[in-house]
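Computation of the quantities below employed the complete heavy-atom set of this structure, encompassing side-chain atoms and omitting hydrogens, waters and symmetry-equivalent molecules.
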Amino acid sequence: GGVTTIPTTVEYYCLTDLDFYVRTTTTADDVYTFNETSLFSNSVDSTIQRCAFDDGFTFPPTPTLDTATGICSDVVLDVRYVLWWRGTELTRVTASVILADVAIETTVPDGTNSSTVLSQKFGVEFSYDSLNVTAVDATEVIDRSGNPGYDVGKVLLTGTLSLTNDSIENVGPSGLQIWSPAVDGLCTSAGRTAVVFGENTISGCTLRLGWDSFQDCASLRATVLAQQQALVTAEFVSRGGNPNSTVITDWIPVINNDTTNPTEAPTIDGLEPDAIDQLQGLCRDIPAAVNINILYADVGKENEFVIQEVVGARVSFTSTLWQLQCSGAFATSCYGNTSTLADLATGAVQSFYITSSVTFTKVPAQTPAPVKSFYANDSNVCTLNTCWEQLWYPVSLEFADNDFELYQHNLGSALLLA
């Protein structure tokens with residue numbers, strides 16, 4: 001038979017901020033610089049634009065080096081392939097190529113030149129093609145993270161509700177993620193990793209903040225919250241590892257109502273919350289922790305293997321009070337630019353931490369029936385008819401401590417009330 005071709009799309013993006021891909025050799029061995037703040041890595045997706053030449057037909061320019069300026073133009077920094085599939089076939093391929101102009105050498109603060117270290121990145125992702133899903137496609141059974149139920153150690157499948165029909169789209173593991181710190185532990189170099197079924201995990205990364213970082217608490221709070229929210233974009237979690245995107249009952253909604261009202265942070269006695277932000281060197285209600293709670297249950301067996309399904313999911317945020325330490329070795333961080341030690345203190349930084357955690361909790365597959373308050377033929381509830389015997393205990397001789405007169409008094413009072 002003939003060869004079947006599929007549509008292929010290549011898009012070229014031009015990047016101007018190279019911090020995500022380029023560094024100088026002078027900082028390779030210096031993880032914590034005394035006066036260098038460190039927040040999050042720049043979002044490449046928000047700083048790139050389609051290249052001017054990219055009209056869908058024109059080939060990209062060949063990389064060239066300008067010996068006069070020392071700049072190499074149109075360098076390939078990143079290539080991302082997405083292979084879309086449905087059933088047992090590929091349906092389409094998309095590729096994103098990121099280009100930029102890179103200086104061969106850069107000038108460092110001491111006036112010397114330093115060679116540029118370039119990081120090229122390449123990635124391949126397989127993604128389910130939910131576009132134009134037909135009835136036949138919807139009935140396909142494909143092993144993803146288990147079938148039926150979940151296999152321990154497989155990624156948790158998430159998705160969002162389609163705006164055009166009652167189905168789930170963006171199916172994959174990217175909707176619930178946790179921090180994956182690099183060797184330096186900084187959030188600027190931290191990645192993200194998908195939540196896997198059955199594994200409780202806690203991870204985080206470090207922010208390096210100085211005096212200037214605490215001058216605008218609202219901005220700091222919003223920056224941290226945006227990064228934490230980016231970890232938990234899912235609206236639904238699949239019950240099992242092989243969901244049908246068109247069957248809404250295969251999915252569990254994620255309870256995520258704490259982003260605007262996170263757990264209240266510790267405060268300072270005698271001060272209103274808004275007044276705390278006016279103090280120097282501290283900020284309240286920083287959403288430093290994102291918590292993912294997954295409820296699962298054993299719902300049956302197949303070939304003697306237990307079937308485990310997700311029955312609930314919740315995302316919450318925990319806020320805290322961040323404050324610069326102004327004693328001992330940290331004192332220079334708190335002088336600010338008005339101090340006589342300004343040259344030393346400007347930008348002096350301290351470490352603050354954000355975390356992400358995942359907790360799996362096993363619950364009964366069905367809500368246990370309440371214990372009956374009357375007699376039932378159940379040895380676990382009323383052994384040897386003790387329920388009936390206890391009913392008459394207040395008028396028994398044992399209750400009167402074998403005092404016959406008290407027993408007669410209690411019995412008579414009971415008959416009178418009856």
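- Side chains of Thr318 and Asn291: a donor-acceptor N/O pair is present below 3.5 angstrom, by distance only.
- Between Thr206 atom OG1 and Gln350 atom CD the span is 13.0 Å, to the nearest 0.5 Å.
- Atom CZ of Phe59 has 12 or fewer heavy atoms from other residues, nucleotides or ligands within 6.0 Å.
- Between Cys217 and Arg284, every side-chain heavy-atom pair lies at or beyond the 4.5 Å cut-off.
- Side chains of Ile255 and Val315 form no contact here, defined as non-hydrogen atoms less than 4.5 Å apart.
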One pair to check against side chain to side chain contact (heavy atoms under 4.5 Å, CB included): Leu295 and Val310. What are the steps and the verdict? CA-CA 6 Å; Leu295 303 181; Val310 172; over 6 Å; no
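- Within the 4.5 Å cutoff, the side chain of Glu235 has no heavy atoms near those of the Val254 side chain.
- In this structure, Asp151 contributes its side chain and Lys154 its backbone to no donor-acceptor pair below 3.5 Å.
- A donor-acceptor contact shorter than 3.5 Å links the side chain of Trp251 to the backbone of Asn244.
- Rounding to the nearest 0.5 Å gives a distance of 7.0 Å between CD1 of Ile292 and OG of Ser356.
- Using a 4.5 Å heavy-atom cutoff, the side chains of Val124 and Val82 are not in contact.
- Residues satisfying the ring pair (Phe, Tyr, Trp, His ring centres under 6.0 Å) criterion with Tyr150, sequence neighbours excluded, are Phe197.
- Note that CD of Gln215 is 11.0 Å distant from CG of Leu220, once rounded to the nearest 0.5 Å.
- The local environment of CG in Asp166 is sparse, with at most 12 non-hydrogen atoms from other residues, nucleotides or ligands closer than 6.0 Å.
- Summarising the geometry, atom CD1 belonging to Ile252 is positioned 15.5 Å from atom OH belonging to Tyr296; distances are rounded to the nearest 0.5 Å.
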Does the side chain to side chain contact (heavy atoms under 4.5 Å, CB included) test come out yes or no for Val10 and Tyr81, once each step is laid out? CA-CA 9 Å; Val10 181; Tyr81 298 99; over 6 Å; no
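- In summary, the side chains of Thr246 and Ser167 do not present any donor paired with an acceptor at a separation below 3.5 Å, with no hydrogens or angles considered.
- In summary, Glu11 and Arg50 engage in a salt bridge, as defined by a charged side-chain N under 4.0 Å from a carboxylate O.
- The heavy-atom pair separating Leu324 from Leu209 by the smallest distance is CD2-O, 4.1 Å.
- Across all non-hydrogen atoms, the minimal contact from Val311 to Ala297 is CG1-CB, 4.2 Å.
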Should Ile178 and Val195 be marked as a side chain to side chain contact (heavy atoms under 4.5 Å, CB included) after you check the CA-CA gap, both sets of side-chain angles, and the distance that decides it? CA-CA 7 Å; Ile178 57 176; Val195 173; 4.3 Å; yes
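- Residues Leu99 and Tyr12 form a side-chain contact, since some pair of their non-hydrogen atoms from C-beta on lies under 4.5 Å apart.
- Between Pro61 and Asp74 the shortest heavy-atom distance is CG-OD2, 3.2 Å.
- Between the side chain of Glu89 and the backbone N or O of Trp85, no donor-acceptor pair lies under 3.5 Å.
- Annotation: side chain of Glu169 is not in contact with side chain of Ser245 (no heavy-atom distance under 4.5 Å).
- Judged purely by distance below 3.5 Å, without hydrogens or angles, the side chains of Arg92 and Thr8 never pair a donor atom with an acceptor atom.
- When the disulfide (SG to SG under 2.5 Å) test is applied to Cys72, no partner is found at least two apart in sequence or on another chain.
- If you take CG on Asn170 and OG1 on Thr233, they are separated by 8.0 Å, rounding to the nearest 0.5 Å.
- The CZ atom of Phe236 sits 4.5 Å away from atom CD1 of Ile248, with the distance rounded to the nearest 0.5 Å.
- Applying the side-chain hydrogen bond (donor to acceptor under 3.5 Å, both in side chains) rule to Asp250 yields no partners; only residues at least two apart in sequence or on another chain are considered.
- Here the closest non-hydrogen pair linking Phe214 and Gln323 is CE2-N, 4.4 Å.
- Contacts of Phe305 classified as ring pair (Phe, Tyr, Trp, His ring centres under 6.0 Å), with partners at least two apart in sequence or in another chain: none.
- Counting all heavy atoms, side chain and backbone alike, Pro243 lies closest to Leu157 at CD-CD1, 3.6 Å.
- Side-chain N or O atoms of Thr158 include one that pairs as donor or acceptor with a backbone N or O of Gly172 at under 3.5 Å.
- Between Trp179 and Gln228, the closest heavy-atom pair is NE1-OE1, 2.9 Å.
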Assess whether side chain to side chain contact (heavy atoms under 4.5 Å, CB included) is satisfied between Val76 and Ile98, documenting all intermediate values. CA-CA 6 Å; Val76 177; Ile98 299 178; over 6 Å; no
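- No side-chain donor from either of Ser73 and Asp101 sits under 3.5 Å from a side-chain acceptor of the other.
- Annotation: side chain of Leu321 is not in contact with side chain of Ile286 (no heavy-atom distance under 4.5 Å).
- Residues that satisfy the ring pair (Phe, Tyr, Trp, His ring centres under 6.0 Å) test with Trp322, not counting sequence neighbours, are Phe352.
- Within the 3.5 Å criterion, the main-chain N or O of Gly149 finds no donor-acceptor partner in the side chain of Glu309.
- Residues Leu15 and Leu77 are in side-chain contact: their nearest non-hydrogen atoms beyond the backbone lie under 4.5 Å apart.
- Applying the side-chain hydrogen bond (donor to acceptor under 3.5 Å, both in side chains) test to Thr223 and every residue at least two apart in sequence or in another chain returns nothing.
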Asn200 vs Thr359, test: side chain to side chain donor-acceptor pair (under 3.5 Å). Steps then yes/no. CA-CA 5 Å; Asn200 295 337; Thr359 303; 5.1 Å; no
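- Ser145 places a side-chain N or O within donor-acceptor distance of the main-chain N or O of Val155, the cut-off being under 3.5 Å.
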